[in-house]
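Everything below concerns the one structure shown next.
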Protein chains: 4
Amino acid sequence: MSASAPTSSSDPGLTGRPMPALRRPLPDPPEARVGIALVGLGAYALNQIAPNLANTQHARLAAVVSGNAEKAQAVARAYGLEDSHVYSYDDFDRIAEDETVDAVYVILPNAFHRAWTERAFAAGKHVLCEKPMAGTVEDCRAMIAAGEAAGKKLMIAYRAQFDPYNRRAIDLVQGGEIGEPRLIMADHHRLLKLDELRDQWRAQKDLASGGSLYDIGIYSVNGARYLLGEEPTEVTATYLERSDREEVSVEEGVEWQMTFPSGARALCSSGYRADQAKRIHVQGASGELTLDPATDYYERNLTVKTEEGTREITIPDSNQFAAMLDEMALAVKEDREPATPGAEGLRDVEIMQAIYRAAETGDAVAV
Amino acid sequence: MSASAPTSSSDPGLTGRPMPALRRPLPDPPEARVGIALVGLGAYALNQIAPNLANTQHARLAAVVSGNAEKAQAVARAYGLEDSHVYSYDDFDRIAEDETVDAVYVILPNAFHRAWTERAFAAGKHVLCEKPMAGTVEDCRAMIAAGEAAGKKLMIAYRAQFDPYNRRAIDLVQGGEIGEPRLIMADHHRLLKLDELRDQWRAQKDLASGGSLYDIGIYSVNGARYLLGEEPTEVTATYLERSDREEVSVEEGVEWQMTFPSGARALCSSGYRADQAKRIHVQGASGELTLDPATDYYERNLTVKTEEGTREITIPDSNQFAAMLDEMALAVKEDREPATPGAEGLRDVEIMQAIYRAAETGDAVAV
Amino acid sequence: MSASAPTSSSDPGLTGRPMPALRRPLPDPPEARVGIALVGLGAYALNQIAPNLANTQHARLAAVVSGNAEKAQAVARAYGLEDSHVYSYDDFDRIAEDETVDAVYVILPNAFHRAWTERAFAAGKHVLCEKPMAGTVEDCRAMIAAGEAAGKKLMIAYRAQFDPYNRRAIDLVQGGEIGEPRLIMADHHRLLKLDELRDQWRAQKDLASGGSLYDIGIYSVNGARYLLGEEPTEVTATYLERSDREEVSVEEGVEWQMTFPSGARALCSSGYRADQAKRIHVQGASGELTLDPATDYYERNLTVKTEEGTREITIPDSNQFAAMLDEMALAVKEDREPATPGAEGLRDVEIMQAIYRAAETGDAVAV
Amino acid sequence: MSASAPTSSSDPGLTGRPMPALRRPLPDPPEARVGIALVGLGAYALNQIAPNLANTQHARLAAVVSGNAEKAQAVARAYGLEDSHVYSYDDFDRIAEDETVDAVYVILPNAFHRAWTERAFAAGKHVLCEKPMAGTVEDCRAMIAAGEAAGKKLMIAYRAQFDPYNRRAIDLVQGGEIGEPRLIMADHHRLLKLDELRDQWRAQKDLASGGSLYDIGIYSVNGARYLLGEEPTEVTATYLERSDREEVSVEEGVEWQMTFPSGARALCSSGYRADQAKRIHVQGASGELTLDPATDYYERNLTVKTEEGTREITIPDSNQFAAMLDEMALAVKEDREPATPGAEGLRDVEIMQAIYRAAETGDAVAV
């Protein structure tokens with residue numbers, strides 16, 4: 001019966017066919033993957049990071065750390081972790097002896113980034129830390145120093161830098177597709193919703209360290225830098241109008257401008273009072289590139305206009321979370337600096353501090 | 001030091017925060033998931049299915065079956081399977097004793113679907129079988145009968161029926177958004193590339209059972225049926241011009257029309273000689289809905305035109321593979337018929353056979 | 001006072017500047033333009049043609065012919081025509097002596113095209129006739145013969161052939177941009193509204209000669225021909241379901257297929273029961289071109305997909321009406337055959353008659 | 001012969017059919033239209049204005065004024081004007097006796113707007129003046145005073161305010177479609193090409209009065225004002241980097257911000273060194289509206305994003321030139337103030353002067 005041919009190992013048509021062309025190489029075996037402990041089990045950790053660890057080539061979920069024991073156990077169970085890999089904030093330090101954990105991913109309110117990064121280094125782990133790196137330049141420097149002292153990697157979780165759409169945009173801009181870049185317009189906005197868990201701490205200065213700028217404006221700062229491939233030298237800024245919500249102790253909006261050595265300027269805004277914008281335009285001497293949205297978790301649109309017309313670029317199956325997590329894992333495995341190290345995080349905090357100073361004084365501030 | 005607050009379990013701001021809103025519920029623990037054995041380790045199995053099992057809520061990779069032992073072992077290692085869960089086509093039958101395997105997913109050339117489905121049922125496993133279900137109506141009926149005899153589930157892997165974009169399209173069309181649907185235009189084309197492994201068996205009638213219609217035209221047949229929610233009663237068809245490639249023994253293209261009881265008609269085509277099309281339009285009495293591409297693995301665009309204007313609908317993070325695999329797993333767990341059972345696969349084979357008959361005779365053929 | 005410089009003819013900056021780059025050459029002076037008489041003052045004549053004569057380079061409105069004297073006078077007054085250039089259907093023949101009229105544009109129900117074309121030729125005028133040219137092949141041949149006998153030009157008003165978007169599409173397809181064209185999908189639909197003046201005669205077989213095919217399906221027939229640059233050899237067809245409106249004595253929908261010598265096929269439909277579609281896709285061996293809408297009066301979208309991505313092409317200020325009218329005027333001025341002569345109109349009528357025959361018999365019909 | 005039915009006045013089907021539904025009312029008869037003299041026959045006058053006068057309902061070309069007699073005569077001939085309606089800059093004043101001329105449209109370099117407006121008023125004509133109204137606030141005030149003294153209308157040619165896309169955008173924003181508007185991002189850029197006639201005077205401060213801001217940035221200033229429906233109170237600004245072209249004596253780029261009483265802010269830029277941008281976004285509290293391009297002559301795209309999805313709005317046959325010219329004509333015929341009077345032009349010049357001051361001083365400047 002010919003239909004049963006594959007039952008026979010002598011069938012020439014099916015048996016022994018070679019490995020097909022793979023979109024990605026086969027992942028590392030579980031035991032060869034870099035084990036990552038998630039510190040903080042909020043919306044981002046549980047919706048974007050924990051599920052996407054399974055989509056990496058080189059990383060795996062190794063432990064969870066939370067102040068809510070019940071939640072932590074539920075998560076651990078769902079992802080097949082044994083109880084011994086569930087930590088509370090109090091007993092975290094015993095993670096030093098957990099050999100399944102190579103690195104700690106700090107996904108806590110900004111004000112805790114420094115302390116937990118230091119604590120993780122003290123436990124002998126590498127650190128991947130959410131952006132913004134910390135509230136102050138001083139904190140950032142301390143974190144870098146702690147990593148160096150521990151001889152461990154420190155990476156800041158700039159997912160957009162690992163997103164294939166943003167990477168393609170960098171290649172196009174820096175490859176001259178639209179001529180010399182003259183202007184970047186980068187706007188990030190969303191409504192801060194105080195009735196949502198994930199926004200409550202963001203409204204509080206002592207937890208968030210900064211407002212819309214630290215939260216989402218950082219994408220405009222970072223995006224302008226990586227698209228242009230140079231560092232701003234001066235900023236001007238103005239705060240946007242606040243709401244009358246007393247619970248909000250951070251800035252609710254700011255617009256700012258950055259001058260770059262090439263003469264390019266970036267015109268940016270961020271805010272908590274307008275509906276969602278996640279948009280970056282680059283206006284070049286001979287064309288225009290638009291990412292809109294530029295920094296969404298799942299949807300990105302990349303358009304290039306030149307004299308040849310308007311071209312939409314589609315990149316299938318682009319998982320920026322997995323790409324970012326793999327970079328951390330590879331930096332550990334290959335014992336090299338990650339692509340977005342502490343110095344990258346520090347640079348944005350320096351710039352954002354300058355933006356706040358400019359908004360407060362009304363003066364241009366050198367970076 | 002305030003930054004260390006989460007170290008203290010008495011901190012009210014961070015400790016004990018409840019489970020955040022989740023995009024999807026936490027997945028089942030590994031041990032509660034339905035174990036799936038992949039039979040056939042070609043491009044689709046390794047690029048789309050194996051990686052996406054990790055994105056399901058209810059399924060997991062439990063075993064691999066291949067005629068290439070080296071490839072099978074590499075895949076098993078990458079996905080953390082022990083050697084005992086690696087099967088050759090020859091020793092497959094011992095899978096009956098493998099308690100980690102609940103179901104078998106047959107991803108082999110069409111001509112082997114029946115035999116391997118029967119063999120899996122004989123081993124006491126549930127079956128998920130790639131589409132087209134089989135080459136002939138007789139084979140389909142035998143597969144259904146085998147499942148019934150074994151008391152096991154049989155599901156046909158119609159991924160598009162689990163795709164959120166197609167599901168939304170169904171809701172819109174059947175919810176009256178564009179008025180009574182009058183016409184469906186559904187076209188699926190791609191170039192058959194004989195120098196690519198994945199296309200070689202598709203060129204051979206004895207392995208593929210049919211040509212472009214069986215391979216991709218089936219999306220037009222199935223799509224018209226699920227969008228209209230009714231069954232065609234008659235088809236007309238014409239073959240498209242062939243290439244002069246001698247290696248190709250299947251039809252290389254066909255266009256056909258289907259009449260539905262409501263009076264709606266579907267105008268369809270499939271082929272191996274035009275560049276990629278994966279497009280479905282629904283022309284309704286008061287508007288139009290377009291899926292273009294409709295059935296791509298990763299990219300779908302859904303547009304609705306009515307007198308209120310043109311609306312683009314975006315559904316973030318839409319994983320049709322995980323959704324399909326979860327349906328299989330839930331059907332097993334809940335002991336119920338899957339949403340796309342053998343009868344669904346049989347129906348398309350009946351229609352496609354009628355299309356071939358119509359193309360050969362030049363006559364309208366009742367279904 | 002420097003601001004008054006242009007008052008002085010000696011100003012070097014402003015005075016005597018040369019003719020700027022013009023989008024179009026200056027139009028012919030009114031007296032050098034070809035005078036056109038509009039026969040029939042319905043919606044199309046008054047909304048699209050009369051206003052756009054002013055946008056031509058070579059034509060002008062010279063007379064109006066209508067059965068409604070009051071309407072004709074109002075139109076004449078608005079466009080600056082003296083009463084002597086207003087004609088009724090009864091006194092039309094005296095137009096022979098109207099030297100301001102060079103050509104007659106017949107915009108009447110299809111059933112009158114032949115008689116009015118013959119009458120215009122008899123009056124010594126050139127003729128531009130709306131499409132479809134006539135109800136029957138015999139009528140078309142008689143019209144051509146009448147023009148030849150009179151030594152006057154006969155042009156059929158295929159506006160889409162003068163539309164810059166369709167012309168660009170022709171260039172792209174025939175220039176190989178998408179590889180060998182394999183399939184054309186061309187669909188034209190709209191709702192026939194019996195409560196609207198412009199649709200009432202279209203519902204009546206004795207006035208319209210044909211139904212949706214003659215009215216709008218002709219764009220699919222003609223479009224497939226000009227995009228491929230070849231003539232169909234065979235058609236198959238099926239009527240779409242009718243409504244139960246007794247007033248409608250024409251076909252309300254038909255789908256048909258056309259085979260071309262190159263092996264390309266066109267899959268087409270037209271109908272009066274689905275919401276507006278005016279869409280043409282060309283599926284080529286290495287890409288796809290889409291016009292959607294293809295044949296709207298004012299809006300056209302042209303998209304080309306190749307392996308280099310998706311490109312939207314925009315052509316500013318594209319006035320197909322003026323371009324068509326200018327072709328008629330130039331054919332007269334240059335004493336040459338117009339680009340879309342009677343033979344072009346005859347060809348479509350032959351094909352459409354074959355489509356009707358195929359739909360009635362269920363057989364393939366040679367053209 | 002039934003085909004000849006319309007020859008008989010007794011035919012019920014065709015004779016005496018009423019006026020069809022018209023997209024626009026019939027135009028005024030030529031003798032009832034407002035006669036307009038074009039002062040300056042550059043690219044804009046000859047490509048956009050002269051041809052579009054024929055598309056108005058209420059205006060007509062009555063005379064041309066130019067320093068190039070040959071060009072003026074060619075234009076006059078093409079548009080059917082007799083020689084007596086051709087004027088040089090020297091003999092312009094005799095236009096006072098030309099009764100066919102009701103109004104003068106000043107399309108000269110900015111530095112001549114005031115003198116020619118005054119000269120036209122002195123000749124007893126109404127004035128339509130290109131934007132920017134004039135180089136200085138003083139000039140604007142003098143122009144308004146001159147019109148009042150003469151008892152004649154003064155309108156500034158803000159075509160975008162008559163564009164159906166911009167009008168729809170105003171309705172949507174002010175109708176609450178996207179919630180309270182928080183931010184406007186408005187960017188206008190193009191390359192200044194010194195080898196093109198139309199750009200040569202724009203490079204010279206003594207002719208253009210200002211640089212990119214006066215030329216195209218004015219669309220951002222005006223657009224923010226009409227979309228928000230309020231007036232800015234304060235501006236900040238920075239010059240963009242200049243090129244090293246010595247011939248250019250105007251600013252080549254500026255970015256600025258405007259504060260509005262509602263708390264909304266506009267973030268704007270204009271420049272001569274980046275490729276074309278003509279873009280306006282409005283970020284509202286619950287959605288976003290984008291015009292891109294917003295102010296092109298022929299192409300506009302209007303998109304509205306709200307929680308209901310993304311909607312593209314298409315407005316067929318939108319002729320902003322004809323609409324603007326008709327507003328001038330109607331203001332004359334109805335003896336009322338035009339919708340964009342001198343005060344509107346003055347307001348923009350005041351704001352642009354404040355922007356230049358802010359850029360020069362680095363300080364915020366109250367308007």
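Quick note on labels: first sequence line is chain A, next is B, and so on, each numbered from 1. Reckoned from all heavy atoms, side chains included, excluding hydrogens, waters and symmetry mates. All figures in this text were calculated on a predicted structure; none of them were measured in a lab.
Considering all non-hydrogen atoms of both residues, A/Pro30 and B/Ala78 come closest at CD-O, 3.9 Å. Across all their heavy atoms, A/Pro20 and B/Gly42 have their closest contact at CG-C, 3.5 Å.
With hydrogens and angles disregarded, a donor-acceptor distance shorter than 3.5 Å links the side chain of B/Asn68 to the backbone of A/Arg17. Here the side chain of A/Asn47 pairs no donor or acceptor atom with the backbone of B/Leu22 at under 3.5 angstrom.
Taking the side chain as every heavy atom from C-beta outward, B/Tyr297 and A/Pro316 never approach each other to under 4.5 Å.
Ranked by heavy-atom pairs under 4.5 Å with chain A, the list B/Pro27, B/Pro25, B/Gly135 is led by B/Pro27. When B/Leu26, B/Leu197, B/Asp317 are compared by the number of non-hydrogen pairs under 4.5 Å with chain A, B/Asp317 comes out ahead.
In this structure, chain B has heavy atoms under 4.5 Å from both the backbone and the side chain of A/Pro18. Heavy atoms of A/Arg23 lying under 4.5 Å from chain B belong to its backbone as well as its side chain. Residue B/Val75 touches chain A through both its backbone and its side chain, counting heavy-atom pairs closer than 4.5 Å. With a 4.5 angstrom heavy-atom cutoff, A/Ala72 does not touch chain B via any of its atoms. For B/Ala74, the parts lying near chain A are the backbone and the side chain together; criterion is any non-hydrogen pair under 4.5 Å. For A/Ala21, the part lying under 4.5 angstrom from a heavy atom of chain B is the backbone only. Contact of A/Thr314 with chain B is made through the side chain alone, with heavy-atom distances under 4.5 Å. Proximity to chain B is limited to the side chain of A/Gln48, based on heavy atoms less than 4.5 angstrom apart. Only the side chain of A/Asn55 comes within contact range of chain B, judged by heavy atoms closer than 4.5 Å.
In the displayed structure, A/Arg190 atom CZ is contacted under 6.0 Å by more than 12 heavy atoms of other residues, nucleotides or ligands. Open room surrounds CD on A/Glu138; 12 or fewer heavy atoms of other groups in view lie less than 6.0 Å from it. The local environment of CD in A/Glu31 is crowded, with over 12 non-hydrogen atoms from other residues, nucleotides or ligands closer than 6.0 Å. Dense packing is recorded around CD of A/Glu247, with more than 12 heavy atoms of other residues, nucleotides or ligands lying under 6.0 Å away.
With sequence neighbours left out, the side chain to side chain donor-acceptor pair (under 3.5 Å) criterion links B/Asp93 to B/Arg119.
From B/Tyr298, atom OH reaches atom CG of A/Asn319 across 10.5 Å, with rounding to the nearest 0.5 Å. Within the model, atoms CD of A/Glu312 and CG of B/Asn301 stand 8.0 Å from one another, a figure rounded to the nearest 0.5 Å.
Annotation: side chain to side chain donor-acceptor pair (under 3.5 Å) contacts involving residues 69-78 of chain B, sequence neighbours excluded, are absent.
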